[in-house]
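Computed from heavy atoms alone, side chains included, the values below leave out hydrogens, waters and symmetry copies. Order of the sequence lines fixes the chain letters, A, B, ..., with proteins taken first and strands second; residue numbering starts at 1 for each chain.
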Amino acid sequence: MNLFADIRALVLSDLAAMVADGALPEGLSTDNVAVEPPRDAAHGDMATNAAMVLAKPAGMKPRDIAETLATRLSNDPRVTSAEVAGPGFLNLRLAPVVWQGIVGDVLAAGADFGRSDMGAGKRVNVEYVSANPTGPLHVGHTRGAVFGDALASLLAFAGHDVTREYYINDGGAQVDVLARSVYLRYLEAHGQDVAFPDGTYPGDYLIEVGQALKEKVGDRFVDKGEQFWLDEVRDYATQAMMDLIRADLKALGVEMDVFYSEKSLYGTGRIEAALDDLRSKGLIYEGVLEPPKGKKPEDWEPRKQTLFKSTDHGDDVDRPVMKSDGAWTYFAPDIAYHYDKITRQNPDGTVGFDALIDVFGADHGGYVKRMKAAVSALSGGTVPLDIKLTQLVKLFKNGEPFKMSKRAGTFVTLRDVVDQVGPGVTRFHMLTRKNDAPLDFDFDKVLEQSRENPVFYVQYAFARVTSVLGKAEEAGIAVDDGTLAAADLSKLDHEAELALAAKLAEWPRLVETAARSNEPHRIAFYLYDLAGTFHGLWNRGNDVPSLRFLQEGAATSQAKIALARACAVVIAAGLGILGVEPAKELR
RNA sequence: GGUCGCAUAGCUCAGCUGGAUAGAGCGCUGCCCUCCGAAGGCAGAGGUCCCAGGUUCGAAUCCUGGUGCGAUCGCCA
């Protein structure tokens with residue numbers, strides 16, 4: 001199904017034949033032989049570097065290898081020409097029937113076109129969002145949520161067995177702060193005048209939580225010491241916040257497989273177990289850390305702490321797992337959590353995951369090395385952990401920067417964004433940048449209907465196809481996918497039509513490269529590119545009537561419409577990975 | 001000071017894990033609708049891929065050292 005892989009296989013089999021003939025020495029590695037689309041389409045449809053890769057180990061001139069290989073490749077019916085170019089590139093041109101076949105392939109496979117078994121069922125855990133349960137999700141979380149979700153879908157599409165997971169930070173001091181803040185709102189609900197001192201959360205979203213708490217417990221906690229209510233209020237508040245966050249995620253179309261509680265690690269011996277594992281490897285010790293180089297913190301003083309020897313696994317300094325007062329640092333439960341990911345008993349009897357991915361905000365960048373060190377140590381280096389950082393989202397309104405301030409109550413929540421522009425636009429736009437590049441989000445521009453706006457441009461292509469299908473049906477032409485797949489695709493003989501089919505042929509390959517690098521944004525860019533090619537063909541129909549999708553005869557129409565429909569199928573598949581609903585019409 | 005990330009056209013950004021003459025959108029210049037598929041399309045100008053070395057058939061891409069911007073740096077998660 002992946003045309004590039006097919007042609008690569010052809011190249012490899014011809015190389016093997018050359019070895020059998022004595023035209024090449026035995027034992028050459030062909031791992032680096034690539035078959036790729038050439039950067040410049042004028043060079044042909046595909047190019048291979050085989051001759052250049054093999055020249056040195058074979059002790060031969062690249063052009064000599066290329067000449068022989070070219071002759072062999074030309075014998076394949078799919079190849080219409082094979083030319084040696086430059087230092088030893090081999091440029092291939094493929095027969096129209098190959099491209100026409102792609103259209104049939106797409107229609108036959110439908111939404112599964114491009115699905116890959118590259119992942120070979122490997123179990124991958126993608127952890128994302130993991131926002132503190134202290135309030136609604138804001139824009140920053142939104143980007144992480146969109147990115148993680150699209151990445152998870154991408155990996156699943158590429159043949160991985162994916163688990164989407166959210167780590168609830170319900171064990172640290174911040175949920176105590178939450179509890180105290182809710183308690184204040186609770187007193188307020190009882191008619192008391194309350195002030196919110198520094199270190200509490202004054203957000204309005206807690207008002208109704210305080211109200212609800214009042215309805216639940218009455219005046220039982222009023223004017224009582226913290227020891228009487230903290231645990232219960234904390235549990236109640238955390239629960240309420242997680243409900244809020246779940247609803248936020250749902251509004252965005254994100255659904256997690258697992259919510260994992262940090263709190264569940266405490267008092268159950270699981271943190272101790274994880275650290276024992278490290279201790280047994282000689283990686284836990286008591287010690288005093290050096291002060292940070294350069295500017296010394298004002299209040300720095302040497303302290304003896306329990307440390308994890310993360311420097312043995314690539315970190316720069318060892319990291320504390322226990323504070324000087326004997327309490328765990330935040331790092332300790334994180335270690336235990338990742339230990340759980342590695343050793344977890346799965347329902348199907350397997351243990352743990354083959355690979356872990358964490359999606360963090362950029363402000364957690366300093367945390368990457370120690371987390372990788374921990375996973376490397378715990379798994380004995382067998383489970384790779386990739387950590388993707390998502391950069392800042394800069395908000396704009398009408399081109400003007402939109403300042404956020406938690407204190408002034410002008411911070412923008414996920415709900416604000418989704419309610420204003422919709423989940424689809426939000427998701428697509430958030431994926432129009434690499435994860436490690438800052439992202440501009442302009443509330444007005446993302447809704448603009450122009451080529452400048454990739455979301456619109458891609459949706460518009462899909463809508464145009466839908467419109468063509470509708471017109472065809474009105475004209476009495478059958479356009480169901482089965483009929484279209486069986487159409488006489490040899491009628492697609494124009495260079496512009498074949499170019500569009502060739503663009504479709506890139507999709508399976510793109511899925512694999514995007515998945516390999518954990519970069520879902522590539523899907524968005526591809527879709528924009530594909531939409532551009534489609535719109536280009538559509539517009540050439542203005543000047544060249546034979547390029548229009550609706551033609552006089554039903555048979556010709558069906559062939560042309562098959563191409564359009566194939567575009568729509570791939571667009572829908574791509575949007576599906578991004579979590580965006582294709583639009584049948586635009587208003 | 002350490003660490004991580006980023007640096008590509010006037011602007012915003014891609015660049016398919018090392019390939020050929022580095023791409024797209026916006027902006028700019030010039031074309032294309034009395035109607036039939038123009039919320040669009042075609043063509044053109046525009047580049048020291050931050051700098052200096054290195055690796056090799058070949059570097060925007062990999063390595064080393066710089067420069068600039070951002071994030072972060074032991075009892076906050």
Which parts of residues 330-339 of chain A get close to RNA chain B, meaning a heavy atom less than 4.0 angstrom away?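 Output list: A:Tyr330.
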What does nucleotides 65-71 of chain B look like as a protein-contact string, B for base, S for sugar-phosphate only, - for none, at under 4.0 angstrom between heavy atoms? ------S
Protein within reach of the bases, or only the backbone? For nucleotides 16-27 of chain B, mark each nucleotide 5' to 3' as B, S or -, using heavy atoms under 4.0 Å. BB-BB-S-SSS-
Using the test ring pair (Phe, Tyr, Trp, His ring centres under 6.0 Å), find all partners of A:His160 that sit at least two apart in sequence or belong to another chain.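 Not a single residue meets the ring pair (Phe, Tyr, Trp, His ring centres under 6.0 Å) criterion with A:His160.
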With sequence neighbours left out, what residues match A:Lys372 under side-chain contact (heavy atoms from CB on, under 4.5 Å)?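 Counting only residues at least two positions away or on another chain, A:Lys372 forms a side-chain contact (heavy atoms from CB on, under 4.5 Å) with A:Val368, A:Leu385, A:Ile387.
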Residues which pass side-chain contact (heavy atoms from CB on, under 4.5 Å) with A:Asp312, listed by chain and number, not counting sequence neighbours: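 Only A:Leu283, A:Lys309 meet the side-chain contact (heavy atoms from CB on, under 4.5 Å) criterion with A:Asp312.
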For [X], which residues count as a salt bridge (charged side-chain N to carboxylate O under 4.0 Å, His left out) partner, sequence neighbours excluded?
X: A:Glu165; answer: A:Arg344
X: A:Arg433; answer: none
X: A:Asp358; answer: A:Lys341
X: A:Lys369; answer: A:Asp316

Ignoring hydrogens and geometry beyond distance, is the side chain of A:Thr329 in donor-acceptor contact with the base of B:rC75 at under 3.5 Å?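 Checked by distance alone, the answer is no.
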Tell me, which pairs form a side chain to side chain donor-acceptor pair (under 3.5 Å) where one or both residues lie in residues 57-68 of chain A, sequence neighbours left out?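 Residue pairs with at least one partner in residues 57-68 of chain A: there are none.
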Contacts of type side chain to side chain donor-acceptor pair (under 3.5 Å), residue A:Thr466, not counting sequence neighbours: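 Counting only residues at least two positions away or on another chain, A:Thr466 forms no side chain to side chain donor-acceptor pair (under 3.5 Å).
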